[in-house]
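Just so you know, residue 1 is the first one in the sequence shown, and it goes up from there.
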Amino acid sequence: MPKAVVLLSGGLDSTVTLAAAIKDGMEATAVSFRYGQRHTRELDSAAAVCRHYGIDGRVIDIDLSSFRSALTDNGIEVPYDRKGELHAEIPITYVPARNMIFLSIAAGVCESIGAEAMYIGATAVDYSGYPDCRPEFFESFSETLAKGTKAGTEGKAIEIRTPIIDLSKSEIVKKGKELGAPLHLTWSCYEGGEKACGHCDSCRIRLKGFEEAGYRDEIPYR
């Protein structure tokens, strides 16, 4: 069985991506990050998702707390109920170079365990405007992996797979339901706690996706 590393935040998108990797017949290893984010509630969800599938889940510690972002600096407020198109500008919740860092570490895990691919739940449709969620970024990074890894120099470049990148949030919800993904275990809110806020960008995009897909979001909201 071919191996893959799946970046698993514990959120909706990454969980559906994990389900897609398993459907592809991959032996999945989930990698999550404790990177200095304002809460680790999402890591609890990632662990629950791993238990659901009975797969290996690894949490890697890195410190991005010095990066300017509302997700890593408690002195910067998370924006609520933003007006207009949520992807019209890059919001303060963007963590500089986060996906670049995460993918680099995931590539190291791939080479360490002999995985041929890594999956990431990026979407370029209903998203918050992050530049490292666009197809051109992943195309560029794939070239970097081909040239900057042992696997790449041996002609076995690690493949980056983005199975939901062209899907809207409602389509992601539908895909998750089709794959039997445990969406009720996921967490998307930028706040921690026992209930999601319902007002941050991530909650609003998620709720809209479930509504348009015709499903009720089963996680609790304040």
Side-chain angles (χ1 to χ4, degrees), residues 1-33 42 45-46 48-50 52-58 87 98-107 109-110 113-146 149 151-152 156-188 202 205-206 208-210 212-215 217:
M1 181 181 292
K3 295 180 179 181
V5 169
V6 180
L7 296 178
L8 182 68
S9 69
L12 171 67
D13 296 345
S14 65
T15 298
V16 174
T17 296
L18 172 60
I22 292 172
K23 177 69 181 305
D24 288 344
M26 309 302 288
E27 179 184 335
T29 294
V31 172
S32 307
F33 295 92
E42 60 189 0
S45 287
V49 170
C50 287
H52 173 85
Y53 283 113
I55 65 169
D56 180 23
R58 306 182 183 188
H87 60 273
R98 181 175 62 177
N99 278 352
M100 198 178 303
I101 294 167
F102 286 0
L103 287 171
S104 296
I105 295 173
V109 177
C110 281
I113 67 174
E116 65 182 47
M118 52 185 171
Y119 285 69
I120 181 169
T123 174
V125 182
D126 288 337
Y127 73 122
S128 294
Y130 299 162
D132 53 1
C133 287
R134 299 174 299 172
E136 52 265 41
F137 164 71
F138 296 107
E139 291 168 6
S140 174
F141 203 84
S142 293
E143 295 180 9
T144 298
L145 289 177
T149 61
K156 302 175 183 177
I158 300 163
E159 183 182 353
I160 300 176
R161 297 182 182 176
T162 54
I164 64 170
I165 200 162
D166 295 321
L167 302 183
S168 68
K169 193 65 70 176
S170 63
E171 290 170 331
I172 292 169
V173 171
K174 290 177 182 178
K175 186 176 183 69
K177 290 292 187 179
E178 292 169 2
L179 294 173
L183 305 186
H184 64 289
L185 298 178
T186 64
W187 186 265
S188 302
S202 188
I205 294 171
R206 175 182 174 124
K208 182 172 179 283
F210 270 90
E212 291 180 349
Y215 293 98
D217 191 354

Parallel under 30°, tilted from 30 to 60°, perpendicular over 60°: which one fits the rings of F33 and F102? parallel
Can you tell me how far CD of E171 sits from CG of D166, rounded to the nearest 0.5 angstrom? 9.0 Å
Heavy-atom distance under 4.5 Å between the side chains of R206 and V173, does that happen here? no
Under 4.5 Å between any side-chain heavy atoms of R161 and M26, yes or no? yes
Could you report the tightest heavy-atom contact between I165 and C133, atom names first, then the distance? CD1-O, 3.8 Å
Taking all heavy atoms of L179 and all of A20, pick out the closest pair and write down the distance. CD1-N, 3.8 Å
Would you say the side chain of T15 lies within less than 4.5 Å of the side chain of L8, judging by non-hydrogen atoms? yes
Between Y53 and A19 the two heavy atoms that sit nearest each other are OH-CB, 3.4 Å
Quick check for you: to the nearest 0.5 Å, what is the distance between R134 atom CZ and S140 atom OG? 10.5 Å
Exercise: identify the closest heavy-atom pair between S142 and I160: OG-CD1, 3.6 Å
Roughly how far, to the nearest 0.5 Å, is the CD1 atom of I164 from the CG atom of D13? 4.0 Å
First locate atom OG1 of T123, then atom CD1 of I172, and finally report the distance between them rounded to the nearest 0.5 Å. 4.0 Å
Does S188 use its side chain to pair, donor to acceptor, with the backbone of S202 at less than 3.5 Å? no
Do T29 and K3 have side chains that get closer than 4.5 Å, going by heavy atoms? no
Tell me, with the steps shown, if F138 and L103 meet side chain to side chain contact (heavy atoms under 4.5 Å, CB included). CA-CA 10 Å; F138 296 107; L103 287 171; 3.8 Å; yes
Go through L18 and I55 one step at a time and tell me if the side chain to side chain contact (heavy atoms under 4.5 Å, CB included) criterion holds. CA-CA 10 Å; L18 172 60; I55 65 169; 3.7 Å; yes
Strictly by modelled atom types, are S14 and S9 linked by a side-chain donor-acceptor pair under 3.5 Å? yes
Which atom of G57 lies closest to which atom of C50, heavy atoms considered: CA-SG, 3.7 Å
Search all heavy atoms of A106 against all heavy atoms of M118 and return the closest pair with its distance. CB-SD, 3.5 Å
Apply the side-chain hydrogen bond (donor to acceptor under 3.5 Å, both in side chains) test between Y119 and each candidate in D24, T162, T17; give the one that qualifies. D24
Decide side chain to side chain contact (heavy atoms under 4.5 Å, CB included) for K177 and L183; before the verdict, give the C-alpha distance in whole Å, the side-chain angles of both, and the deciding distance to 0.1 Å. CA-CA 8 Å; K177 290 292 187 179; L183 305 186; 4.1 Å; yes
Rounded distance (nearest 0.5 Å) linking atom NZ of K156 with atom SG of C110: 14.5 Å
In Å, rounded to the nearest 0.5 Å, how long is the span from OG1 of T144 to CE of M100? 8.5 Å
Using modelled atom types only, decide if a donor and an acceptor are shared between the side chain of N99 and the backbone of D132 within a distance under 3.5 Å. yes
Pair K174-L167, side chain to side chain contact (heavy atoms under 4.5 Å, CB included): steps then yes or no: CA-CA 10 Å; K174 290 177 182 178; L167 302 183; over 6 Å; no
